[in-house]
Student: 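Take a look at this one; I'll ask things after.
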Amino acid sequence: MDIFLQQLINGLVLGSIYALIALGYTMVYGILELINFAHGEVTMMGAMICIAVMGALLSAGGLPAVVVLALGLAAAISICMVLGYSIERVAYRPLRGAPRLAPLITAIGMSIVLQNTAMLIWGKQYLTFPKLFEPQRYEWAGAHVTSLQILIVVLAITLMGALLLLVHRTRLGRAMRATAQSPELAGLMGINPNTVISFTFIIGAALGAVAGVMVSAYYGLAHYYMGFLLGLKAFTAAVLGGIGNVAGAMLGGMLLGIIESLGAGYIGPLTGGFLGSHYQDVFAFFVLIVMLVFRPSGLLGERVGERA
Amino acid sequence: MRDWQRRWRGWKRNRQVVLGAWIVIGIVLALLPFVTGATLGRGWVRIIDFALLYVMLALGLNIVVGYAGLLDLGYIAFYAVGAYVYALLASPHFGLHWPVWMALPLGATVAAVFGVLLGSPTLRLRGDYLAIVTLGFGEIIRIFLNNLNAPFNLTNGPQGINLIDPIRIVDLGFSETYTVFGISFPPTHNYYYLFLTLTLAIIFISIRLQDSRIGRAWVAIREDEIAAAATGINTRNVKLLAFAMGATFGGVSGGLFAGFQGFISPESFNLFESIIVLCMVVLGGMGNIAGVILGAVLLTTFPEALRYLGELQYMVFGQVFVDAADLRMLVFGMALVLIMIFRPAGILPSMRRRRELGADAPVAAQERRACMTPSAKADADMLLALQGVSKQFGGLAALSDVSLGVAQGEIYGLIGPNGAGKTTLFNVVTGLYSPDHGVVRLGETLLSGCKPHEVVTRGLARTFQNIRLFANMTALENVMVGRHVRTQAGVLGAIFRGATTRAEESAIERRAHELLNYVGVGTHAQRLARHLSYGDQRRLEIARALATDPQLLALDEPAAGMNAIETAALQELLQRVRADGVTILLIEHDVRLVMDLCDRVAVLDYGKKIAEGAPSTVRNDPVVIEAYLGGAA
């Protein structure tokens, strides 16, 4: 039982992070029907920038740990927002209306550029996340929870709540929803689709930056190549929940995190040791394929009506 | 037309110039390894060998992505399968040393099987979703290759397989150095000629396929899947064929790669490789063979050329600031972005520049009953008979208990207010929807439960309310696609193009020309469908439907949006079609056209048939007047 609970908790933490990144994919896809391949790299940038800024502040000394973390996070978020905005302007906007695959290739190109820029700046080694606090450990029903895990989940849920409010209760949110339905019609109603799209990228990038900081704090490490698999998993989560659907991305992220860690925990005993926990990454894709084959619109996605 | 273009065209027509150009290309290709080896060094010959492998890979993916429009992001998995099959059968790992002519085809076959395995459950997914599923599939294969060293050592895990037998055909070992007439042929050169030969074969196959019955079916699916099905193409099988063909090419180049390199590991087959191959296809110009080759050559050689960035820095600045190996991928990424921004359709765009890949979704494959051919008894002399057909959408009854019959040789009109269920009825009859209750019969054949292409095979063709042509195919090709169901040529026929295939192909073309003239758009045969005028597009759609040799032609509002002259011409055309023995089922809003043209008319309202009979009777029926004008009448 305690294994189950422990894996559930780990899955929830991982899932919150996936969910935050997935939001960036799903919002962009909802409006542009574009897989923003570079989003994983933005997340990676968030982690790297935060670690670099904190490192600099710590070596200067004199600042309390909370302030260091806050400044690191703020730097990560703001630089990633600029990145998100620029990626859209440089790589996607000129190609609106181009053949569908063209922006996918530029997205891949941007992804390569960001990765290699990070590699040139920070090198090929793993960066370690500075130890600012000694995390508290709590024991509950035979499972361990750290204060860091609680912080990650709470922060993620708060951010997602705020995003839902933004999308459903504000003028900008309404404009986003309208643009997602039909950019032309939204334009006729006086909404500037370009502004909306820019905002979507900026918000997504900010959430991605936070998620990047969370991952690196959780594992204590960051690496220029980390964005790739992370982005892939988060995209999977977005598809799982129903791409284009904000609540779906949250649900999909949480589910994927839980499936992955439960799967990794149980696959060994279940297959008599034939498959081990190094197959963890297979689950994400396996779940994705099964999901898409049986319910292509995702868990919360709307069924797309067919017209002949 | 600019001057150089005119001159270019002139040269292209001049046979001597063309022949001369081919001879020059041939000589260049034959001497390439020696020239390269002498100028750039032996290493570059090896790079060219790899470029050829990638050309083969890219051409395989081009069939899937460029021709059939199926976005595959896990293509490298087939390369991996081919490579591993070859490696396992020809290395000390299992102590097996199969000859090339057995191991290589087996690798290709296994890859094709994987292609079908991946394809069969996933092919009804939409463009982007398919991309993600294939991506997941590619990763799963790689993860398994990485981990299947325990409990039973199949793949040797992350270390990969070493000491793979070099390729050897009878006594000719490609990894040995030969001296012929005093010229030395080192291994890289031998492999160059082997790869070049195979690449030329694959190019040849690609060209042949592109211009065949199968190739047209692929393009038709890419352009408009629903229309393709309604034209009688079994979209599922044809897509599976594309996947299998692409996977076969991948498998062959994978096996060659294993033999050439002598060592493989899962790292060679990561997602990045899939993406790079896709980039080759898109960057060069999807669907265009020359473009794909160019893309593959560029993307293989460019990163290698960028290795000189270090020397360049040294020459310009006197010192090396950034390691070239680190810088080159950055430049590569930027180049991808820039090229796509300035040439969104690729460097050498295909003739038909497609706006979108997999634009609209395929038809929801609803639960279907089996499509059965024989049936008990036909309904007297009715060609098309509906009995008690009902169809619900959620709580809405789009059709309830509709029965009607269309007699052989008549023009039967279906009218009713907007939302009365006319198009739903059409979709039920033509197999896009499966009815909840009731049966649809064509002659003695049961149609309900048949898929769209099966309905076409049985002799019922349709047009669409909002014209669905293959917009980026020519008018002639659109009609030629219509002949798909009535012809046979397959992949082998396309490649070898024997007498039968050639005869069939010319018959298809002749018939298509006839039909174009028949509907009156013969002069536009070579124009792209989307460049035709609205009225001509309608006629073209009818010609395409007629190409399937239907007994019954179902037309969904053919006169919608036409002016009076076009309508009159349409009326004349439909009468001619009927006179030639084709029965017509017609949905139309233009009441005058219906009254003039139809022998009998049925009126639908709220999914029910409220009247049926001769036009003059129906027109005066009080129930019909009420339905059209509301209670006030």
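Below, read A as the first sequence line, B as the second, and so on, with proteins coming before strands; counting in each chain starts at 1. Note: hydrogens, waters and symmetry copies are ignored here, and every other heavy atom, side chains too, is used.
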Student: So which atom in B:Ile341 and which in A:Ala91 form the shortest heavy-atom distance, rounded to 0.1 Å?
Tutor: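 The pair with the smallest heavy-atom distance is CD1-CA, 4.5 Å.
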
Student: For A:Leu104, which atoms come within 4.5 Å of any heavy atom of chain B: side chain, backbone, both, or neither?
Tutor: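 For A:Leu104, the side chain is the part near chain B, not the backbone.
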
Student: Could you measure the distance from the CG atom of A:Asn116 to the CE atom of B:Met334? Nearest 0.5 Å is fine.
Tutor: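 The CG atom of A:Asn116 sits 9.5 Å away from the CE atom of B:Met334.
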
Student: Roughly how far apart are A:Phe235 CZ and B:Leu135 CG, rounded to 0.5 Å?
Tutor: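 Result: 9.0 Å between the selected atoms.
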
Student: Would you name the heavy atoms of B:Glu139 and A:Leu232 that are closest together and state the gap between them?
Tutor: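 The answer is CG-CD2, 4.4 Å.
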
Student: Can you measure from CG (B:Leu73) to CD1 (A:Ile108) and round to the nearest 0.5 angstrom?
Tutor: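 One finds 7.0 Å between CG of B:Leu73 and CD1 of A:Ile108.
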
Student: Take atom CZ in A:Phe228; do more than 12 heavy atoms of anything else shown fall under 6.0 Å from it?
Tutor: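 Buried by this count: over 12 neighbours within 6.0 Å.
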
